[in-house]
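The next block holds one structure in the form of structure tokens; read it before the comments.
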Amino acid sequence: MITRARKIRTGLRRSSLSKPRRRPPPLPKHPTPAHNALKSAAAEDPSAALNHLISSSNPDYPACASLLYRLARARLFPELDALLLFIRSRRIPCSNSLFSALIRHFSLASLPQKALHLFFSIPSFNCSQGSPSLHTFNHLLDALVSNGCHDESRCLLDRCSEFGLRANHVSYNIVMKGKLRRDGYDGAVQVFDQMRKRGVSPSVVTYNMLIGVAGRNGELSKAMDLKEEMVKKGIYPNAITYAILMKAFCSSGKYVAAKKLMFDMEYQGCKTKVVNFGVLMSDCGRRDDFDEMKALLAEMRVRKIKPDDVIYSILINYLCENGRMDEAYKVLVEMQVKEGCKPSAAVYRMMVDGFCKVQEFEKGLGILNAMLVSGHCPRLETFGSLISGLVKGGRMDEVCFVLEEMMKRKLGLDLEEWHSLVDAGCGKCNGGGELLSQLTSMVFVGGDEG
DNA sequence: CTAGGGTTAG
């Protein structure tokens with residue numbers, strides 16, 4: 001449900017996002033050894049780093065900010081609160097973007113009340129502007145909406161002047177998203193009318209949301225009408241508008257029409273982007289039409305639209321689901337060699353699980369290796385199915401390797417998994433049981449924390 | 001910051 005994090009990464013809005021003013025102040029060019037020590041300590045044990053920081057003589061903003069981010073990411077909220085109190089009492093100057101980031105973390109952790117509380121406490125900090133910015137305000141609105149606090153978000157929107165802020169189209173779009181979730185199209189239109197009455201013009205995103213809900217309701221002509229309406233108002237559809245429309249056509253079983261729309265958009269002066277191909281690719285995947293998926297990939301090359309990691313993950317996902325592992329593996333190699341795409345943890349997971357599903361555990365182990373080398377950590381279930389397969393095949397050296405990797409990450413098997421492991425291992429007459437009991441004692445030591 | 005193709009998220 002919450003997919004916001006991913007969106008930061010995608011190319012389309014990258015340029016508008018990377019304005020330097022939004023970044024927290026950079027770390028010093030030549031960090032001191034003490035600073036480096038603090039950073040690496042924070043990487044391993046953020047709460048130890050907190051104690052270190054609080055006892056240091058003159059903590060600076062960069063040290064505090066990087067530790068705050070770490071604590072937030074590690075979901076160590078009591079420690080984070082302690083550090084915030086420290087920053088406030090020492091009057092350490094901090095930027096508004098820091099508050100935005102923390103509000104976002106609170107939101108992702110389903111803690112909207114903490115987000116709200118932090119927002120209202122901004123004036124008590126030595127903050128660059130002394131009060132929350134519109135960006136921070138919108139982050140808070142989104143935190144409330146994403147956690148189902150619709151009334152609170154609307155109430156806050158109406159009170160924005162109290163913070164010296166004027167709500168913009170983004171603020172209204174966020175509230176509209178919430179209304180849309182709760183009351184569907186009609187609810188969204190209420191917010192739409194309200195924003196216009198208050199002199200805030202709808203944006204392309206506003207229309208994209210309305211078109212999206214019309215499409216999800218199967219109302220294709222309404223979706224197309226909305227597109228015409230926005231053009232008349234001088235708001236131009238972008239690649240995402242077309243992607244939304246194409247998806248609506250696809251989910252109504254009109255793949256050909258969706259594809260035609262992708263060509264039409266060029267005539268309308270809107271450049272086709274990778275997301276448009278993504279819509280078509282995933283529809284083909286749902287219908288197991290691999291030939292068309294490959295044709296689309298070829299088409300992208302001809303049109304010089306570089307397939308990205310998402311495109312490959314769509315293809316690999318459906319190949320794995322269909323047990324076509326040789327092809328999936330070829331694509332995995334191709335995406336790295338030809339396109340320089342780095343496989344995501346999700347793609348590695350699909351591959352390992354896919355190999356396990358077709359009982360090719362050693363190949364699965366090979367992928368696991370690549371995954372670990374690239375710094376990704378498999379899910380516990382993935383480790384589990386790989387181990388049980390390797391045990392059944394009597395590959396105890398490999399089992400041992402995998403268990404060691406799990407130990408390093410303080411991951412353990414659950415009791416049921418241990419049972420099947422021991423059962424399978426003892427069935428072998430080549431000393432597997434003996435090795436297993438060794439492993440058991442070994443992993444229980446490391447695994448009792450998780 | 002809000003809309004979008006996939007998923008385990010940040």
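This structure is a prediction, so every number in the text was calculated from the model and none was measured. Note on naming: letters A, B, ... go to the chains in the order of the sequence lines (proteins, then strands), and numbering restarts at 1 for each one.
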[X], nearest nucleotide to its side chain (from [options]):
{"X": "A:A345", "options": "B:dT7, B:dG5, B:dT8", "result": "B:dT8"}
{"X": "A:H105", "options": "B:dG5, B:dT2, B:dG10", "result": "B:dG10"}
{"X": "A:R349", "options": "B:dG5, B:dT8, B:dT2", "result": "B:dT8"}
{"X": "A:L108", "options": "B:dG10, B:dG5, B:dT2", "result": "B:dG10"}
{"X": "A:I174", "options": "B:dG5, B:dG4, B:dT2", "result": "B:dT2"}
{"X": "A:M350", "options": "B:dG5, B:dA3, B:dT7", "result": "B:dT7"}
{"X": "A:V310", "options": "B:dT7, B:dT2, B:dG5", "result": "B:dG5"}
{"X": "A:D142", "options": "B:dG5, B:dT2, B:dT8", "result": "B:dT2"}
{"X": "A:V275", "options": "B:dG4, B:dG10, B:dT2", "result": "B:dG4"}

Identify whether any heavy atom of [X] sits under 4.0 Å from a base atom; if not, whether one sits that close to sugar-phosphate; answer base, sugar-phosphate or nothing.
{"X": "A:S282", "result": "sugar-phosphate"}
{"X": "A:I311", "result": "base"}
{"X": "A:V170", "result": "base"}
{"X": "A:M209", "result": "sugar-phosphate"}
{"X": "A:D308", "result": "base"}
{"X": "A:V274", "result": "base"}

Using ring pair (Phe, Tyr, Trp, His ring centres under 6.0 Å), reason through A:Y236 and A:Y207 one step at a time and then give a plain yes or no. CA-CA 10 Å; A:Y236 288 99; A:Y207 271 99; over 10 Å; no

Check if the side chain of A:N238 and the base of B:dG4 share a donor-acceptor pair of N or O atoms closer than 3.5 Å. no

Sequence neighbours excluded, which residues qualify as ring pair (Phe, Tyr, Trp, His ring centres under 6.0 Å) partners of A:Y255? none

Using atom C1' of each nucleotide, how far apart are B:dA3 and B:dT8 to the nearest Å? 23 Å

Is it true that the NZ or CZ of A:K197 lies under 6.0 Å from the centre of A:F192's six-membered ring and within 45 degrees of the ring axis? no

Rounding to a whole Å, what distance do you find between [X]:[atom1] and [N]:[atom2]?
{"X": "A:K177", "N": "B:dG4", "atom1": "NZ", "atom2": "P", "answer": "8 Å"}
{"X": "A:R70", "N": "B:dA9", "atom1": "CZ", "atom2": "P", "answer": "20 Å"}
{"X": "A:M265", "N": "B:dG4", "atom1": "CE", "atom2": "P", "answer": "16 Å"}
{"X": "A:L245", "N": "B:dA3", "atom1": "CG", "atom2": "C1'", "answer": "12 Å"}
{"X": "A:Y207", "N": "B:dA3", "atom1": "OH", "atom2": "P", "answer": "18 Å"}
{"X": "A:F383", "N": "B:dT8", "atom1": "CZ", "atom2": "P", "answer": "16 Å"}
{"X": "A:R181", "N": "B:dT2", "atom1": "CZ", "atom2": "C1'", "answer": "11 Å"}
{"X": "A:R104", "N": "B:dA9", "atom1": "CZ", "atom2": "C1'", "answer": "12 Å"}

Please identify which of these residues, A:C377, A:P343, A:P378, meets the side chain to side chain contact (heavy atoms under 4.5 Å, CB included) condition with A:Y348. A:P343

Hey, does the side chain of [X] come within less than 4.0 Å of [N]'s phosphate (OP1/OP2), counting only N and O?
{"X": "A:R73", "N": "B:dA9", "value": "no"}
{"X": "A:K247", "N": "B:dG5", "value": "yes"}
{"X": "A:K273", "N": "B:dG4", "value": "no"}

Any donor-acceptor pair under 3.5 Å linking the side-chain atoms of A:S203 with those of A:T206? yes

Do we see a donor-acceptor contact under 3.5 Å between the side chains of A:S107 and A:D142? no

State plainly whether the residues A:K179 and A:D186 are in salt-bridge range, i.e. N to O under 4.0 Å. no

Listed in order of residue number, which residues of residues 317-338 of chain A have a non-hydrogen atom at under 4.0 Å from DNA chain B? A:N317

Nearest nucleotide by nearest heavy atom, which residue falls closer to the 5' end of DNA chain B, A:R75 or A:N168? A:N168

Taking side chain to side chain donor-acceptor pair (under 3.5 Å) as the test, write out the residues that go with A:R287, two or more places apart. A:D283

Looking only at the aromatic ring of each residue, does the gap between the centers of A:F120 and A:F163 stay below 6.0 angstrom? yes

